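Notes follow once the structure below has been shown.
Everything numeric in this text was worked out from a predicted model, so none of it was measured.
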Amino acid sequence: MLEAEMKKPEARKFTISQDLKFLDELPRRARDDSHLKEENKRGEHQRTTSSPSQLEGCSHQLLAQLLKGSSERCADSRLLLNSPSLWKDTRTHVVVELYETERSYVESLQTLVMKYLQPLKKSENNYLIDAGIVDEIFYQIPEILMHHEIFLEELRRRLEAWDINQKVGDLFLETFTKQSVIDTYTAFINNWKNAKDAIKASTQSKPAFARFLENMAREHKGKLALDSLLIMPVQRIPRYELLIQTLLKHTEECHSDAQTLLEAQQAIHDLAVTINLGQRGAVRGLSQELCQLESLIEGLAGLASPERTFLSHDQVSITTSQGRKDRALFLFSDLLIITSIKRRSGTIKKPNQNAPSSVISSLEGNKYKLLMKIPLDELEIVKDENVRKLLKEMEQLSADVGTLSQMSELCANLHCPHSQLEESVRDMLAALNRQLCERHSADSQLSHLDLNITTPNGVENIGLIFSKPEKRTNWEEVFTEAKNRLAACGDRRGCPELVAAVPVRKTRAGLTFTCAGPTPASAEVWVCNSDGYVGQVCVLSLARPSEPTVTSCNGVCNARILCIAPVPGSVSSQQSNNDNNACTNCNSGVISISVEDTDKSAASIHLDSSSSSSDDDDLKEDNKTDSNEDLVSGTMWLGTEDGCILIYNSTDNIRTKKNKVKIQHTSPVHTIIHLDKKVYVALANGDVMVYQRDLNGSWKTSDGITINVSTPSAPVTKMVPISGRLWCACHTSLKILNTNSFAIEHSLAVSGEGNRSIACLVGAGLGAWLSLHNSATVRLYHSSSFECLAEVSVAPAVSKMLASCDDIIRQHKAACLRVTALLASKELLWVGTSAGVILTLPLPHLSAATAKLAASPQVTGVPHGHTGHVRFLTTVDLEVRRGKTSDKPLIISGGDGYEDFRSASVSELAGREDSTNHILLWQV
């Protein structure tokens, strides 16, 4: 954390104080830490060897010239760099900057003491927070302030008597080598986590304290909150090290301050290391807390994470089909965990909410079992206007009660007769208190909170009932704050890291990638190539992800392969029982359904053999011997331009094994997907075929269900499951298919650019992302309201990535730019383009009520891409295939050639590699 703080710029003002009037004539220019770092990166050996006497002739005109902007002094850069006056001016400027930033730091410490610590310690403010907690929050702050006030005063005196021989290194040494200063900072760092925990617990349990902090943050001239002020002592020490490094670069080796500055640099560095070790201890403390919680909750794993913090624990009731059940809520910075709760012996033990240090110990009295683990991105509070009105009324009643209480106290101080007034105030106060109590006891709605959960099958609702309205309100505030922090934290999405670039040279000339898909149960990806006359499958082995290899490339058909889909195996044939009832309403007359276009000779085949023989006797023998193994491993379904569906066991060696099933249709196969134990096949005649398993787990390949979704002039070209329904792209429209009744629930026209058809379609949460043919934009549609929420152009980002390319190539790629592939994975949307550039943009969180995005997602280019078109994007999670959980899937792209867009140089292999198909692998 300390290293990160050293890289952060600190906002500064450089107005010279009245104490430094002698510097008024020096031009002033703000410089942040990034300038300091840039100077640190410049030559370490740029010091002049001129004697100090040579520096005395520096004129104010030269000083002014030296402090001009870089664009103004470019012409004279050589002269100025060789001038010894540069070092005098820069050294003075750095010392002035040191003084100004130190004064700002002292002012912040004074704010902590005078605006926070002292008011909170007053007896009349005891209701805000306990005095002991105040001492814990501001531990060592007065002592740090005292040390830096002395340091600032000494620095001011040095500047008042500033000349070319003046020193500041000894001042650093004198201050920051004192044992009292080291002990003060060390104690502050060791207590830093406790102070943060105390603030968090107090703001949750003391609404008045939370309001006090909000008011103080608004009054602060920089609008800084308490936690921002408390972090400043941690940030300040690295700033000193940067300033001293800059001073050293502009101080002559023969200067009397050079050696003391070197010693001061080492002293400051040692103190920074001490602080860093203290911070690491605090982080270890946070991780230990998460590990303790993980050990308490049965069935929970992988909770500890450096970015995750524990926020609160509450006990609620949830209404289920079996009645009300007691449940425990564990709220984290990015996660909500819901568990069952049971007392180890006797009744459930209630935790003490006002004692944060005892949360873990109080939880140990109960047993917890994991029920739900939900990312906050997938949760949304349902806004209930009635509850809002009731809460507002209660807030107004409470305010009136407070006002009347003050009036009652004032009445007692009146010298004139006031019995009637006092009685009226007393009656009104009693009536309002009675109303307030009735609202608290009668309005159960105030303790009720509904949550919407976004799932792959749509939006589900959970109703939480808290023990008190205050607990519901506090939990909602903490939850909302955590959501806001997540939304504001764009940096949490990592940068894609290129794992490997794999050339595929085993294919014959003229073949281009068409599609790819990972096998269901092995570390392989099947990549399809075609040229219109032959279809070929290359097997990419990911047994060693850091060294992926193409193990084989073999022709499988005499037509272009248009699509591929992995289909998992069936462990138990009984799992297919529900599937057989999926089309009970298919013959209602609204939808025309028939069994047609299938190869009648292909019976229901088990696909359970590892043999390549197509002989029926061999097939039956295979069915008897290897069924269990291959049903688990699953199959790969390939769709071709001549209407064939080729089905392979995913464990087959495609170089020596023939396809086990060939289903022939009269129309090209555009796309295949597996959803809810069914396989959906979209044909060029506008139909969608649905294949299911029989009672034995075999695919009923001769008994497919035909759904007339569209027409041959506007066939289904893409299918994506979103919110439990199947979205079908049909030329310029989207048709939403109910996967239970096979009815078209909704149709949506999307084309607005010259009747362009839909080229790419992917789903992410409650959103559907699509692109149109020959278009450089992507659109986002809401899966419930069907409204277009955003339209994002990728052209600016592509132009930026192509900036180093040849002008003619760049202009050509820009003129024909279009989106060629889309992929939604984790929190990123990946976009492949005809220019070979691959882009990412963060997936926005959508709720059921989202009507418009607050801001357009930012498109970012990936440094590595293809020379020509990006032909496909897919993803594979190797850990999931091994039965583990993982947040780092591999992203795979296929396209023409390989190019590093960071370099403008032309590789010797560029001409040859431009025509070589490449597979690129990333990890986020």
* To do: Determine, step by step, whether Leu376 and Phe479 satisfy the side-chain contact (heavy atoms from CB on, under 4.5 Å) criterion, reporting the C-alpha distance in whole Å, the side-chain angles of both residues, the deciding distance to 0.1 Å, and the verdict.
  => CA-CA 9 Å; Leu376 293 193; Phe479 174 86; 3.7 Å; yes
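- Considering every non-hydrogen atom in both Arg236 and Leu98, the closest pair reads NH2-O, 4.0 Å.
- With Ser408 contributing its side chain and Leu404 its backbone, the two residues share no donor-acceptor pair below 3.5 Å.
- When all heavy atoms of Tyr105 and Pro233 are compared, the pair lying nearest together is OH-CA, 3.3 Å.
- Taking each heavy atom of Ser108 and Leu229 in turn, the nearest pair found is CB-CD2, 4.1 Å.
- Between Ile337 and Leu335, the closest side-chain pair of non-hydrogen atoms falls below 4.5 Å.
- From Leu410, atom CG reaches atom CG of Leu421 across 10.0 Å, with rounding to the nearest 0.5 Å.
- Between His148 and Phe151, the angle of the ring planes goes over 60°, which puts this pair in the perpendicular group of the 30/60° scheme.
- Other residues, nucleotides and ligands contribute over 12 non-hydrogen atoms within 6.0 Å of the NZ atom of Lys200.
- Checking side-chain atoms of Arg308 against main-chain N and O of Leu303 turns up a donor-acceptor pair under 3.5 Å.
- Although no hydrogens or angles enter the test, the distance criterion places no donor-acceptor pair under 3.5 Å between the side chain of Asn190 and the main chain of Ala187.
- In this structure, the ring of Tyr185 has its center no less than 6.0 angstrom from the ring center of Phe176.
- Counting heavy atoms from C-beta outward, Val113 and Phe138 have side chains that stay 4.5 Å or more apart.
- Below 30°, between 30° and 60°, or above 60°: for Phe310 and Phe332 the angle between ring planes is between 30° and 60°, a tilted geometry.
- When only modelled atom types and interatomic distance are considered, Asn413 and Glu409 share no side-chain donor-acceptor pair under 3.5 Å.
- Closest non-hydrogen pair, Ala264 versus Gly169, comes out as CB-O, 3.7 Å.
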* To do: Report the C-alpha separation of Glu263 and Gln266 in whole Å, then their side-chain angles, then the decisive distance to 0.1 Å, and conclude whether the side-chain contact (heavy atoms from CB on, under 4.5 Å) test is met.
  => CA-CA 5 Å; Glu263 295 174 6; Gln266 185 61 45; 5.8 Å; no
* Starting from the C-alpha separation in whole Å, work towards a yes-or-no answer on side-chain contact (heavy atoms from CB on, under 4.5 Å) for Leu449 and Glu476. => CA-CA 8 Å; Leu449 183 69; Glu476 182 178 358; 4.2 Å; yes
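- With a 4.5 Å cut-off on side-chain heavy atoms, His147 and Thr184 count as touching.
- Checking side-chain atoms of Asn366 against main-chain N and O of Ile341 turns up no donor-acceptor pair under 3.5 Å.
- Aromatic ring orientation, Tyr368 versus His313: perpendicular (interplanar angle above 60°, classes split at 30° and 60°).
- The structure places CG of Leu247 at 11.0 Å from NE2 of His93, a figure rounded to the nearest 0.5 Å.
- A salt bridge does not link Glu160 with Arg157: every distance from a Lys NZ or Arg NE/NH1/NH2 to an Asp or Glu carboxylate oxygen is 4.0 Å or more.
- Inter-residue side-chain proximity for Trp162 and Val95 is flagged as met; some heavy-atom pair is nearer than 4.5 Å.
- Considering only heavy atoms from C-beta on, Ser467 stays 4.5 Å or farther from Gln315 through its side chain.
- The pair Arg91-Asp257 meets the salt-bridge criterion, with a side-chain N (NZ, NE, NH1 or NH2) lying under 4.0 Å from an Asp/Glu carboxylate O.
- Separation of atoms CD1 (Ile199) and CG (Asn194) is listed at 11.0 Å; rounding is to 0.5 Å.
- Atom CG of residue Leu336 and atom CG of residue Leu451 lie 7.0 Å apart, to the nearest 0.5 angstrom.
- A 4.5 Å side-chain heavy-atom check between Glu149 and Gln110 finds at least one atom pair inside the cut-off.
- Using a 4.0 Å cut-off between charged nitrogen and carboxylate oxygen, Arg158 and Asp163 do not count as a salt-bridge pair.
- The minimum heavy-atom distance linking Pro238 with Val234 is given by the pair CD-O, 3.4 Å.
- Sorted pairs that involve residues 417-427 and meet salt bridge (Lys or Arg N to Asp or Glu O under 4.0 Å), not counting sequence neighbours, are lacking altogether.
- Here the CD1-CD1 distance, from Ile137 to Ile141, works out to 11.0 Å after rounding to the nearest 0.5 Å.
- In this structure, the side-chain contact (heavy atoms from CB on, under 4.5 Å) partners of Lys178, at least two apart in sequence or on a different chain, are Ser180, Val181.
- Classification of Glu214 and Arg211 as a salt-bridged pair fails, no side-chain N sitting under 4.0 Å from a carboxylate O.
- The shortest non-hydrogen separation linking Ala198 to Glu136 is CB-OE1, 4.0 Å.
- Annotation for Glu124: atom CD counts as buried by contact number, over 12 foreign heavy atoms lying within 6.0 Å.
- One distance of note links CD1 of Ile465 with CZ of Arg472; it measures 12.0 Å at 0.5 Å rounding.
- Between Leu117 and Leu112, the closest side-chain pair of non-hydrogen atoms is not below 4.5 Å.
- Residues passing the side-chain contact (heavy atoms from CB on, under 4.5 Å) test with Ala399, sequence neighbours excluded: none.
- Ring centers of Tyr240 and Phe172: under 6.0 Å apart, within the cut-off.
- A donor-acceptor pair under 3.5 Å links the side-chain atoms of Asn433 to the main chain of Leu429, judged by distance alone.
- The cationic atom of Lys471 (NZ for Lys, CZ for Arg) does not lie both less than 6.0 Å from the six-membered ring centre of Trp475 and within 45° of the ring axis.
- The shortest distance between side-chain heavy atoms of Leu331 and Asp314 does not fall below 4.5 Å.
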* **Stepwise side-chain contact (heavy atoms from CB on, under 4.5 Å) check, Leu248 with Gln265** => CA-CA 9 Å; Leu248 277 169; Gln265 181 186 20; 3.2 Å; yes
